[in-house]
Every structure is written in structure tokens, then in C-alpha cells.
Amino acid sequence: MTVLALRNVSKSFGPIEVLHGVDLALEPGEVHALIGENGAGKSTIMKILGGFLDPTQGDILLDGQPHRFSSGPQAEATGIVVIHQEFNLAADLSVAANVFLGRERGGFRLDHASMRTETVALLDRLHSPIDSDALIRDLSVPDRQMVEIAKALSRKARVLIMDEPSAVLTHREVGTLYEQIDRLRGEGVAILYCSHRLDEVAHLADRITVLRDGRVVRQALRGELDENGMAAAMVGRELQDFYPEKGTPDDTIALEAVGLNVPSEVHDVSFTLRQGEVLGIAGLVGSGRTELAEGLVGLRSATGEIRLNGHLVTIRSLRDAFAVGLAYLTEDRKEAGLLLDKPLRENLTLATLERFGKLRLDIKAEESALDHATQEFDIRAPRRDMPAGKLSGGNQQKLLLAKTMLPDPRIIIIDEPTRGIDVGTKRQIYAFIRKLVDEGRSIIVISSEMTEVIGLSNRVLVMREGHIAGELSGARLTEENIVRLAMGVSSEAA
Amino acid sequence: MKRLDLHTLGPIVALIALVILGAMLNSSFLAPANITNVLARSAFIGMIAVGMTFVITAGGLDLSVGSMAAFLAGVAIIAMNAALPSLGANWGTIILGMIVAIIGGLSAGWLNGALITKARIEPFIVTLGTMGIFRSLVTWLADGGTLSLQSELRTLYRPVYYGGFGWITWPIITFAVVAIIGEWMMRHSRFGRHVEAIGSNERVARYSAIDVNRVKLMTYVLLGLLVGLAVVLYVPRLGSASGSTGVLWELEAIAAVIIGGTALKGGTGRVWGTVVGVLILSLIDNILNLADLVSPYLNGAIQGVIIVLAVVLQREKSTADER
């Protein structure tokens with residue numbers, strides 16, 4: 001008897017449909033793995049199942065009956081518990097207080113003893129040595145994960161939804177996690193398990209659902225799908241004729257990084273970038289891609305050698321990077337890229353104000369720079385003096401690109417060039433990248449969209465856990481190979 | 001050019017209304033002597049508030065300025081008295097006192113800024129701490145009483161507060177110059193643009209190759225300099241300093257900045273608005289003293305209402321923007 005199911009569920013955000021007619025059924029005593037690339041719709045499904053989002057169309061069936069949650073807490077009352085990737089723990093409260101948060105025992109006076117005893121029992125079950133009186137802020141990330149699991153156990157869950165629970169655990173703790181999952185499965189709990197680690201999916205899951213672009217593309221039972229099969233099913237797309245033809249890089253090495261380290265993020269990374277080359281960097285979110293880029297341009301402290309055109313350079317700040325012709329376009333357009341409440345002109349020139357007047361800023365020169373930028377990068381703004389935050393995502397990105405190009409860098413690192421922008425603007429951005437390369441500049445593109453990295457890059461570095469897991473080019477530059485390297489599946493298909 | 005909406009004009013409208021009200025209530029309100037009095041008394045808070053505008057616009061805060069002024073006044077007086085036997089009662093001694101006040105202001109501002117940017121402590125906490133330290137130091141230097149400038153020096157120094165060109169006295173001139181330079185810096189200099197960018201979003205500023213810590217430090221140093229300048233003009237007024245000098249100046253300066261339309265969360269600075277804010281606060285005080293309508297003891301209450309009102313108006317503006 002199915003506990004919780006989605007029947008033909010679709011979900012739209014504004015005009016964009018992100019889930020298309022998804023069917024999914026969670027059976028008691030079964031571990032159901034949900035896998036897919038970034039942006040395939042996994043988290044939307046988890047939010048709908050957990051009662052945090054309503055489907056636009058279709059039904060949620062609880063014990064076979066159509067059901068609509070009004071809120072997440074109500075979903076919890078019906079025995080559906082979600083363990084989020086970002087923990088829902090109050091940092092200043094104790095472990096026991098967190099486990100019982102919102103369901104405290106006792107009347108007017110809290111029954112501390114009973115809550116503490118039960119927390120200790122739950123943690124014992126998890127073989128976890130955490131003190132029930134410790135404050136969450138003093139715990140390590142894996143310990144916090146254990147508290148989340150203890151909290152879920154205490155809620156007597158019928159359905160447990162776990163979003164990459166093993167991502168932050170050590171090897172030994174993962175073992176305990178698997179044990180607990182086995183135990184919960186034995187008790188008849190239905191478990192939805194989202195993970196990027198295909199090896200653990202193969203090990204744990206009784207049933208696998210593969211999601212791609214908001215659709216269920218494959219459902220399989222244990223043993224029907226091996227890791228390579230999963231990777232192929234997750235990707236399974238043809239490259240459309242969407243990207244400009246790739247350029248031919250020179251033989252000159254524009255940038256060489258040797259033994260680059262960013263403390264606890266990036267370990268011993270070496271690579272070269274040729275003039276006129278687009279070098280892609282792929283990898284899962286959190287694999288150290290952005291940290292590598294920020295280390296290169298001086299936004300994070302890094303050690304290692306950086307050579308530009310054969311000359312050793314020292315980059316301690318972004319200003320140093322600008323001085324040697326290196327620029328970085330951030331992935332976080334709204335929080336690190338643009339001042340959303342300031343007009344276009346002030347955003348465009350913010351990083352290069354010293355070019356616009358020594359003592360008094362030359363606003364006329366800034367205005368003409370804006371004219372030039374709006375033309376060159378086709379920035380469409382209803383009014384010149386409007387705040388940048390009122391522009392569409394695509395136009396914000398073009399403004400940010402114009403801002404990044406204003407110091408006239410020779411090497412540009414573009415982090416997520418097309419995140420959250422429409423298809424038309426994506427194409428434009430790809431054309432700009434090609435144009436920059438034709439001008440003899442070199443570009444590093446960091447992207448979570450695999451088609452994008454493949455479609456744009458001459459070569460691709462795949463990062464995993466702060467290391468470069470491999471380099472792909474030519475015929476070996478395929479999504480399957482990127483997924484294998486990014487997820488650490490060792491065997492490469494011939 | 002930005003459209004002038006009611007929100008931007010609000011402080012000016014309020015100022016004009018106050019002037020009209022004052023003129024109606026008391027005929028001597030518009031007399032040159034009274035205008036000189038109001039403007040000269042505004043000058044101390046005014047110069048400090050101009051500096052405070054930069055600090056707040058960059059997302060900071062400085063609660064220590066009132067105590068800092070008292071401390072600097074005390075130190076300057078001690079320095080001049082100590083130099084009197086060797087240098088004599090001449091301008092050399094007084095200029096020495098001025099230099100002590102200015103350098104002291106720069107150093108005190110640097111101390112606040114360094115604790116905030118280098119030791120990464122909240123501005124509120126740092127300046128709450130230094131507020132207590134400066135206040136306590138001046139009380140200690142005065143041994144609980146009053147530090148007084150020697151009478152020969154006091155006579156010589158007096159014209160710096162009371163003199164000038166007719167009714168335009170030196171404090172008024174200095175305040176005007178500081179206000180004009182401050183307005184220019186906020187609008188037309190790279191420093192002003194960087195200050196606004198940091199207050200608007202510090203992370204964006206950092207990712208735009210702005211040396212965020214240096215700019216923030218400079219806002220506190222600038223404020224310290226202006227506190228020093230205010231002290232240079234304040235000492236000749238009474239010729240003394242004590243533990244109760246400059247009490248609540250910090251709150252008056254912050255209030256003037258807020259009334260003038262600078263957002264307390266930072267990002268948008270209006271130096272001219274601050275000047276209007278200072279004048280509004282002084283006029284309320286002056287009108288209450290001249291007219292018998294309301295007791296002057298209610299001055300603080302009326303100022304409080306105006307501060308809250310100004311912030312409410314600001315918030316309505318920003319929620320209207322979001323729609």
C-alpha cells in the first residue's frame with residue numbers, strides 16, 4: 001500500500017514549468033532514490049512532498065487519498081519528515097531542545113529530564129557520542145546532521161525525505177547512517193533518498209527514479225540499473241545546435257597555475273589556459289570551482305604559483321588581478337555582482353572608478369561608457385536611471401558582463417554565465433564569449449550546466465572535492481564522462 | 001537628474017515651516033543676533049553630523065563622538081595651559097592646542113575604525129566602549145571638576161567663536177565650508193561613491209575591487225577629524241571642558257543624519273539633508289526658548305517625535321519603491 005505518491009504533478013514558477021507530469025510512489029519499507037542533474041527538479045519534488053510547495057497541477061496522494069498540505073508543519077503532523085540540506089537547527093539551543101523544538105514536553109514548566117533522556121536514547125541508537133546538552137553551534141557539521149536524523153527519528157516518521165544526507169558525513173558516520181536507514185526500512189518507513197553519489201544509490205535503493213529536465217525519464221528496481229546506466233539516464237540529451245562554433249586557441253600559454261591551494265577548499269590544482277581558449281570547469285556544487293576562481297583573482301587567500309604569459313605574478317587582491325589583466329564575473333549576480341538599488345551607470349563603473357576622473361568623477365564620461373556598454377552588450381533598460389535590480393535577469397547579466405569587461409582584461413573567469421536567464425539571452429552571452437575569444441582573450445567558464453560547458457569549451461577540467469578529477473577534450477568530452485569524474489565513478493566507458 | 005519627490009523635499013519643507021512658525025511667534029526670531037546664535041550653536045553638531053553621514057552611509061555607526069569631543073577639548077586645554085609658561089599667551093600656544101585637538105581627533109577616529117575593520121568588532125560595540133572610555137578619561141583628567149583655559153589664553157582665543165565677518169562668525173563659516181566639501185565628496189568623489197557602494201552591499205563592493213576596510217576606516221578618521229575641528233571652535237566658547245561636555249552630541253548628530261534622509265542601514269548618503277536636519281533640531285530648541293507656547297523642557301519630546309516621523313516617512317518611501 002503506497003503511503004505517499006505524486007500523480008501527474010506539474011509545477012510552474014511564473015510562466016516557467018519546472019516539473020512536467022511527474023508520477024512517483026513511496027512504498028512502506030522501501031528506500032526510493034531520486035537522482036538527476038542540478039536543476040532537474042529534485043528539490044521541487046521534495047518540497048512538494050514535504051508540504052512546502054503546492055503543485056500547480058496533479059495530486060498528492062496520502063494513503064491513496066488526495067491530500068493538500070497547508071504548511072510544512074502540517075505535513076510533519078501526518079508523519080512526513082524532511083531532512084533538508086541546509087539544516088533546520090537553532091544554533092544557540094541545546095541538542096535536546098532542538099530535537100523537541102516545537103513539541104516540547106511538559107506543561108507550564110518544561111520536562112527537561114524526559115526530553116534529555118529520550119535524546120540520549122536516540123543518539124545512542126545512532127552510535128553518536130554527542131552530548132545532549134551541547135549547543136548546536138559548537139557541533140561539527142556531521143554532528144549536526146546526526147542531530148537532524150535524531151530529530152527525524154523522534155518524530156516517528158512514516159515517510160522520511162532525505163536530501164543528500166551523506167554529503168557532509170565522514171566514512172564511518174555514513175556507515176551508521178546506512179544502518180539506521182536499514183533499520184527504518186525494516187520498521188516500514190518509506191524513505192525518499194536524494195543523492196549525487198551513484199555508488200550509494202546502487203547500494204541503498206530498492207527503487208530508483210531518474211529525473212531529467214523536470215520529467216521522470218527512467219524508473220528501475222534494485223539491480224536493474226548500474227552506475228553507468230544511471231549517469232547515462234540522467235544526461236541522455238543531444239547537444240542542440242545552440243552554441244557558436246568553437247574557436248581555435250593559439251599555442252601560447254596565457255595562464256599557468258601550479259599547485260594552487262585554497263585552505264580547506266581547493267587542493268593542489270594545476271592547469272594551463274592558452275590564449276584564445278575557452279577552458280570549462282565542471283563539477284558538482286561545492287566541489288571547489290568557485291573557490292578556485294576566487295583564489296586565482298585574490299578574493300580568497302591562496303597559495304601556489306600563477307604565471308601569466310610565462311611571468312610569475314603575485315595576486316593578493318582583486319585590484320592586483322585587474323592590474324595584470326585578470327577579471328572574475330561572480331556566480332552571485334544579486335549579492336556580489338550588482339548594487340541592485342543603484343542605477344546602471346554607478347554599477348557599470350564601480351570597479352574602475354579611477355578611470356573616470358582623478359579627483360572629481362566625470363559623470364559625462366561615465367554616461368558615455370554606459371552608452372557604449374548598452375550598445376555593445378545589448379542591455380535593454382526601459383530607463384537609464386532605473387536601479388539595476390529592476391532589470392530582467394538577462395539584462396542584469398549583460399550589465400555585469402559589461403562591468404567585468406570595463407578594465408579590459410585579457411583573461412576572464414566567468415562563473416555560471418547563464419544562471420537564471422532566458423534562452424534568448426543565453427545565446428547572446430555565448431556569442432559574446434566567442435567574440436571575446438576571437439579578440440585574443442582567454443576565458444574560463446565555470447558552469448553547473450553540462451551542456452553549456454561542453455558546448456562552449458575547448459577543454460574541460462572536472463573538479464571533485466577540491467581536486468581536479470580529470471581533464472576532457474575532443475571525443476572524450478561527453479556528459480557521461482563529466483558525471484563519472486564529478487561523482488567519482490572510476491570506470492570510464494570505452 | 002532625479003525627480004524631486006515629497007520625500008526628498010520633506011526635510012526642507014519642515015525647515016521652512018519652522019522658520020515661518022518662528023517668525024510668527026516672536027519678532028526677534030529673525031533678528032541677526034538670533035540667527036547667528038542658532039547657526040553658530042548648530043555648527044558643532046553640524047560638522048560632526050556631516051562626518052557621521054559618511055560613517056552611517058558606509059553601514060557603520062559612531063556613538064563615541066560626544067565623549068570624544070569632551071576628551072579632545074580637555075586634552076587641548078591641558079596642552080595649552082602647559083605650553084603657556086614656555087610659549088607665552090600668544091597665537092602659537094593656541095595653534096598648538098588646535099593641532100592637538102585635530103591630531104587627537106584623527107587618532108581617536110582611527111582607533112574606532114581600526115577596531116571595527118581590523119579586529120572585526122561591531123561598530124555599535126566598539127563605539128559604545130570608546131564612548132565610555134573617552135568620557136571617563138576627561139572626567140579623570142578634570143579630577144571630577146572642570147578643566148579651564150588660563151584667562152589670558154581665553155581672551156585671546158575668544159574671537160574664534162565670537163568673531164568673524166559681522167554676524168557671519170567663524171563657526172558658521174567653518175560649518176558651511178565643511179558642509180559644501182562634504183556634499184561634494186559624497187556626490188562627486190570616488191570616496192563618496194565607494195562609501196555608498198559599501199553601505200548598499202559590502203560584498204558587491206569587495207567583488208568590485210574596492211578596499212572595503214580602508215574606505216570604512218577612512219570614514220571614521222574623517223569623522224574624528226571633524227570632531228577635532230568642532231572642538232577647535234568649541235573651546236573658545238566657554239574656555240572649559242568637563243565630564244558633562246558634549247553629552248548626547250552623538251545622538252543629536254545621528255538624529256540629524258536620519259532626519260536628513262540618510263538611511264540608517266546605509267547605502268544612500270545626503271550631506272545637505274544632514275545640514276537641514278541639524279538646523280531643524282536647533283530651530284526647535286530655539287523656538288521653544290523664545291516662545292512661551294510649550295515648555296522648553298519638552299524639547300526632547302518634540303525632537304523625538306520628529307526623528308520617528310522621519311524614519312516612518314523613509315520606510316513608506318522604500319515600500320512604495322518595491323511595488
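Just so we're on the same page: letters track the sequence lines, and every chain starts at 1. Side chains included, hydrogens not; waters and symmetry mates left out as well; all remaining heavy atoms used.
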Flag side-chain contact, heavy atom, 4.5 Å: A/Ile414 against A/Phe432: no

B/Glu122 atom CD, neighbour heavy-atom count above 12 within 6.0 Å: no

Qualifying residue for side-chain contact (heavy atoms from CB on, under 4.5 Å) with B/Ile254, from B/Ile259, B/Ile307, B/Leu61: B/Leu61

Segment of A/Thr330 engaging chain B (4.5 angstrom heavy-atom cut-off): side chain

Check ion pair A/Arg384-A/Glu367 (N to O, under 4.0 angstrom): yes

A/Glu294, part contacting chain B, at a heavy-atom distance under 4.5 Å: side chain

Among A/Leu400, A/Leu329, A/Ile429, the one residue meeting side-chain contact (heavy atoms from CB on, under 4.5 Å) with A/Pro417: A/Ile429

Heavy-atom proximity to chain B below 4.5 Å, by part of A/Tyr328: side chain

Part of A/Thr349 within contact of chain B (heavy atom distance under 4.5 Å): side chain

Heavy-atom proximity to chain B below 4.5 Å, by part of A/Asp332: side chain

A/Glu439, CD atom: more than 12 neighbouring heavy atoms under 6.0 Å: yes

Beyond-backbone contact of A/Leu279 with A/Leu461, side-chain heavy atoms, under 4.5 angstrom: yes

Engaged part of B/Glu202 at the chain A interface, taking heavy atoms whose separation is under 4.5 Å: neither

Choice from B/Ala209, B/Ser189, B/Ala205 maximising heavy atom contacts with chain A below 4.5 Å: B/Ala209

Which portion of A/Lys403 sits near chain B, non-hydrogen atoms under 4.5 angstrom: side chain

Residue among A/Leu338, A/Thr352, A/Asn347 with most heavy-atom pairs under 4.5 Å to chain B: A/Leu338

